[in-house]
Amino acid sequence: MRRAAESLVARYVEAIGGRAAIEQMPGRWERGRVEIPAQGMNLSYELFAAANRMVQVTVIPGLGTIRSGFDGEVAWSINPAVGPQVLDGTQLQQSREGADPLAALHPERYVSAMQTLEETDFGGARCYRVRVTTPWGESYDEFFNKETGLIQGGIRQQISPQGSLEITAQITEYHTAGGVLLPRVTRARVMGMELVNTVDSTEVRAIPDSVFALPPEIRALRPPR
């Protein structure tokens with residue numbers, strides 16, 4: 001039997017620790033790595049997130065450092081291949097959603113409709129497939145594990161310098177930080193390649209405001225006020 005999408009989200013919130021634990025997280029500092037086996041590449045990254053703001057710094061051997069972030073208003077990226085960019089449209093909205101630690105508690109901010117499509121196998125588990133439609137016109141699928149209530153993964157389009165890319169992501173392991181379950185290992189497929197994202201450590205703590213300040217290269221692209 002299909003379950004209502006809203007009840008699946010409510011069950012997911014409880015499965016990862018509950019509303020109180022999610023609301024009490026002051027911020028997090030995450031360190032991890034991304035392996036791309038087909039290319040023999042290993043990337044390292046740091047991610048800082050707190051209060052609707054996020055910054056990620058990724059080091060790519062031989063290419064340099066990619067920085068990206070959202071300061072509560074502006075989504076941005078600095079990539080050695082394309083230079084500094086201020087993001088808009090779907091990229092801006094995805095950044096806003098990704099930086100919101102309370103996104104699961106307030107689907108009304110990012111969801112205009114949800115529908116449970118079917119019960120199916122995904123990532124080696126029986127799941128409910130939910131089609132999500134956003135207020136900005138995006139549509140994507142999430143898979144809720146029937147047994148645990150956790151999100152097993154999803155299929156979503158991501159905008160990149162190469163265009164719109166379909167990413168199929170499977171969360172294979174969770175870990176606990178600050179009383180909340182967070183993804184630890186995520187396997188993604190994009191453009192026929194597998195990427196394995198592993199979180200090596202997560203510290204739950206307050207993050208200084210200065211971490212989220214716009215870089216000078218991004219401020220230079222902003223119109224004067």
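Only heavy atoms go into these numbers, but all of them, side chains included; no hydrogens, no water, no symmetry mates. Keep in mind that what you see is a predicted model, and the values were worked out from it rather than measured. Along the sequence shown, the residues carry numbers beginning at 1.
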### Message
Tell me if a side-chain donor or acceptor on Arg219 pairs with a main-chain N or O of Leu214 at a distance below 3.5 Å.
### Response
yes
### Message
Salt bridge or not between Glu97 and Arg109? Use side-chain N to carboxylate O under 4.0 Å.
### Response
no
### Summary
Those residues at least two apart in sequence (or on a different chain) that pass side chain to side chain contact (heavy atoms under 4.5 Å, CB included) with Ser44 are Val59
#### Entry: ring pair (Phe, Tyr, Trp, His ring centres under 6.0 Å) contacts in which one or both residues fall within residues 57-96, not counting sequence neighbours
none
### Query
Got a second to check how far Glu30's CD is from Asp200's CG, nearest 0.5 Å?
9.5 Å
### Heavy-atom donor-acceptor pair, Ser112 side chain to Thr133 backbone, under 3.5 Å
yes
### Query
Is Thr134 reaching over with its side chain to a backbone N or O of Tyr110, donor-acceptor style, under 3.5 angstrom?
no
### Query
Is there a donor-acceptor contact under 3.5 Å from the side chain of Glu217 to the main chain of Pro84?
no
### Summary
The side-chain hydrogen bond (donor to acceptor under 3.5 Å, both in side chains) partners of Gln152 (sequence neighbours excluded) come to Asn145
### Summary
By side chain to side chain contact (heavy atoms under 4.5 Å, CB included), Asp141 pairs with (sequence neighbours left out) Leu117, Arg129, Arg131, Phe143
### Task
Please identify each residue that fulfils side-chain hydrogen bond (donor to acceptor under 3.5 Å, both in side chains) with Asp209, with sequence neighbours left out.
Arg53
### Which residues share a side chain to side chain contact (heavy atoms under 4.5 Å, CB included) with Val111, sequence neighbours left out
Pro107, Met114, Val132
